[in-house]
Amino acid sequence: MLTRSFALPLLAAAAIAQPIVIKTTTLFDGNGHVLRNRQIAIENGRITRIAAAKDKPAIDLSGLTVMPGWIDTHVHPTWFFNKNDRLELDGPGAKSTPQQAALHAEANLYATLMGGFTTVQSVGAPLDGDLRDLIALDSIPGPRLLTSLEQITEKSGDPEQIRALVDKLKADGADVIKLFATASIRDGGKMTMTADQIDAACGEARKVGLRAMVHAHASEGARAAIMAGCTTIEHGTFLDDATLDLMAARGVYFDPNFLVLHNYLDNKAKFLSIGNYTEPGFAYMEKALPLVADVLRRARKAHVKVALGTDAVAGAHGRNAEEFIYRVRDGGDSPMDALLSGTSVAAESLGMADRIGSLAEGKEADIVAVDGNPLDDITAVRRVVFVMKHGRVYKDAPPAR
């Protein structure tokens, strides 16, 4: 039997090349069920069977909590801290070379994978397309990557120009459309795009078969996006109950974010005085934290479908699982609800529930195991000891005792 001390490269290759069996004692299936003493049979990167543990396993995850690979629906892997320990983005004015920027982005994605996230959605940067394709080819390690490639704002043009931009993004290979209906929280979160612009972006996205996720802090911008048929509202710091009720009625997903705000405040010196990262901007973010906790509680009460996204920027990559902890500790989520947000609900929000987000026959063999039980102690999500994506083992470390 292969144990976690077995050489990782050989184990990873074997996991793809031939059928394997994983033994578990505690298995959270991503759909709200906890199963005991099960084995997972895997072939060609997919789960073929989950049954009572009786066969000799290739991988023994006894004593751990085994779950579907986690999903982060909102990341920015091209954001990093440069050699001066300051925020840098790939693009004009960058102090790092394009090669350095690409290496930082790949490192961020690798850290995210090692943190237990096997699928992420980046919104968005042109470099994402190349990263997505290289990961899909197994040329570089990283989570399965979806991307918007660009972002649509009030400066993207009139409705006709915005529709043309959506068509271009579709042709360029975008997986989702990202638009900014409101300003940043650091600028007060007021509505910036017009209703006609939002209608054009979301309507054209739907026409060409793409989802549309919308940055919207306040109710006015969020309501316009909901009425336009957009898929997901991001942030939602100032949403009122009527808007949450409308989201629930229309099946719109909601993604409030705690980690990004904590990350900014924890790394203030690395962001301060860059763009709108000003002292007043940081004051806005500090005041927003209790508001995010409140809107999450109200969203749950209204039965809104809540997905998990972190808005991970520089400093947050690899720490994405902290979002689970903030949602339980500060937002009042149960550990089960938090984990469902990062598994089956997130998969549904991406239109990928038939492939990922749960452990079941026919699904991708995306598996994470942690030391401890996050349903009893959510901080166990910090102790990721095993990561598999599409049947390939990327992390296999003994628990720290």
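All of these numbers come straight from a predicted model, not from anything done at the bench.
Shortest non-hydrogen contact noted between V252 and V304 is O-CG1, 3.9 Å. Annotation for A380 and V370: closest pair O-CB, 3.5 Å, computed over non-hydrogen atoms. Residues A102 and L127 share a closest heavy-atom pair of CA-CD2, 3.9 Å. Summarising the geometry of S148 relative to V123, their closest heavy-atom pair is OG-CA, 3.3 Å, with the distance given to 0.1 Å. Here the shortest heavy-atom pairing between S122 and L145 reads CB-CD1, 3.8 Å. When every heavy atom of A222 is checked against every heavy atom of T243, the shortest pair comes out as CB-CG2, 4.0 Å.
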Would you mind writing out the side-chain donor-acceptor pairs for residues 225-234 within the sub-3.5 Å range, not counting sequence neighbours?
unit_1	atom_1	unit_2	atom_2	d
T231	OG1	A212	N	3.0
E234	OE1	H74	ND1	2.7

Pair up each side-chain donor or acceptor in residues 294-302 with any protein partner under 3.5 Å, not counting sequence neighbours, and list the distances.
unit_1	atom_1	unit_2	atom_2	d
D294	OD2	R298	NE	2.8
D294	OD2	R298	NH2	3.3
R297	NH1	D330	O	3.3
R297	NH2	D330	O	2.9
R298	NH1	L239	O	3.1
R298	NH1	D241	OD1	2.7
R298	NH2	L239	O	2.8
R300	NE	D333	OD1	2.8
R300	NH2	D333	OD2	2.9
R300	NH2	D337	O	3.4
R300	NH2	S341	OG	3.0

Show the atom names and distances, to 0.1 Å, of all donor-acceptor pairs under 3.5 Å that link a side chain in residues 178-185 to residues at least two apart or in another chain.
unit_1	atom_1	unit_2	atom_2	d
T182	OG1	H217	N	3.1
S184	OG	R186	N	2.9

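Counting only distance, with no hydrogens or angles, the side chain of E88 and the backbone of K95 share a donor-acceptor pair below 3.5 Å. The backbone N or O of V260 lies less than 3.5 Å from no partner atom in the side chain of N257, so there is not a single donor-acceptor pair. The backbone N or O of A125 sits less than 3.5 Å from a side-chain atom of D128, completing a donor-acceptor pair. S156 contributes no side-chain N or O that, together with a main-chain N or O of I162, makes up a donor-acceptor pair within less than 3.5 Å. The closest donor-acceptor contact from the side chain of T194 to the backbone of Q197 lies under 3.5 Å.
Counting only residues at least two apart or in different chains, disulfide bond (SG atoms under 2.5 Å apart) contacts with residues 249-323 are absent. The disulfide bond (SG atoms under 2.5 Å apart) pairs that include a residue from residues 18-57 number zero, where partners must be two or more places apart or lie in different chains.
Tested against D175, the residues R211, K170, Q121, R132 include a single side chain to side chain donor-acceptor pair (under 3.5 Å) partner, R132. In summary, of the residues considered (R144, H390, R46, K389), a side chain to side chain donor-acceptor pair (under 3.5 Å) with D366 occurs for R144 alone.
Side chains of T24 and I40 form a contact here, defined as non-hydrogen atoms less than 4.5 Å apart. Put simply, the side chain of I356 does not reach to within 4.5 Å of the side chain of W70, judged on heavy atoms. Side-chain contact between D72 and E323: absent, with no pair of heavy atoms (C-beta onward) separated by less than 4.5 Å. Under the 4.5 Å side-chain criterion, counting only non-hydrogen atoms from C-beta, T26 is not in contact with V66. In this structure the side chain of I22 reaches within 4.5 angstrom of the side chain of I367, judged on heavy atoms. Side-chain contact check for L27 versus M67: every heavy-atom pair is 4.5 Å or farther apart. The shortest distance between side-chain heavy atoms of Y394 and P141 falls below 4.5 Å. Side-chain contact between T119 and P143 is absent, with no heavy atoms from C-beta onward closer than 4.5 Å.
Under 3.5 Å, the side chains of T48 and E43 contain no donor-acceptor pair of N or O atoms. For the 3.5 Å distance criterion, the side chains of N267 and N263 qualify, holding a donor opposite an acceptor. With hydrogens and angles left out, the side-chain atoms of K363 and S358 include a donor and acceptor closer than 3.5 Å. Between the side chains of D29 and H33, a donor-acceptor pair is found at a separation under 3.5 Å.
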inquiry  = Applying side-chain contact (heavy atoms from CB on, under 4.5 Å) to T343 and E348, what does each step give before you reach the verdict?
reply    = CA-CA 9 Å; T343 51; E348 291 168 12; over 6 Å; no
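In this structure, Y277 and F271 have tilted ring planes: the angle between them lies in the 30° to 60° band.
F386 CZ to T65 OG1: the interatomic distance, rounded to the nearest 0.5 Å, is 14.0 Å. Summarising the geometry, atom CD1 belonging to I325 is positioned 12.5 Å from atom CZ belonging to F258; distances are rounded to the nearest 0.5 Å.
In this structure F254 satisfies the ring pair (Phe, Tyr, Trp, His ring centres under 6.0 Å) test with no other residue, sequence neighbours excluded.
At a threshold of 4.0 Å, the pair R319-E322 does not count as salt-bridged, since none of the basic side-chain nitrogens sits closer than that to a carboxylate oxygen. Residues K168 and D172 are paired through a salt bridge, judged by an N-O separation under 4.0 Å between the basic side chain and the carboxylate. A salt bridge links K268 and E279; the closest N-O separation between the charged side-chain nitrogens and carboxylate oxygens is under 4.0 Å.
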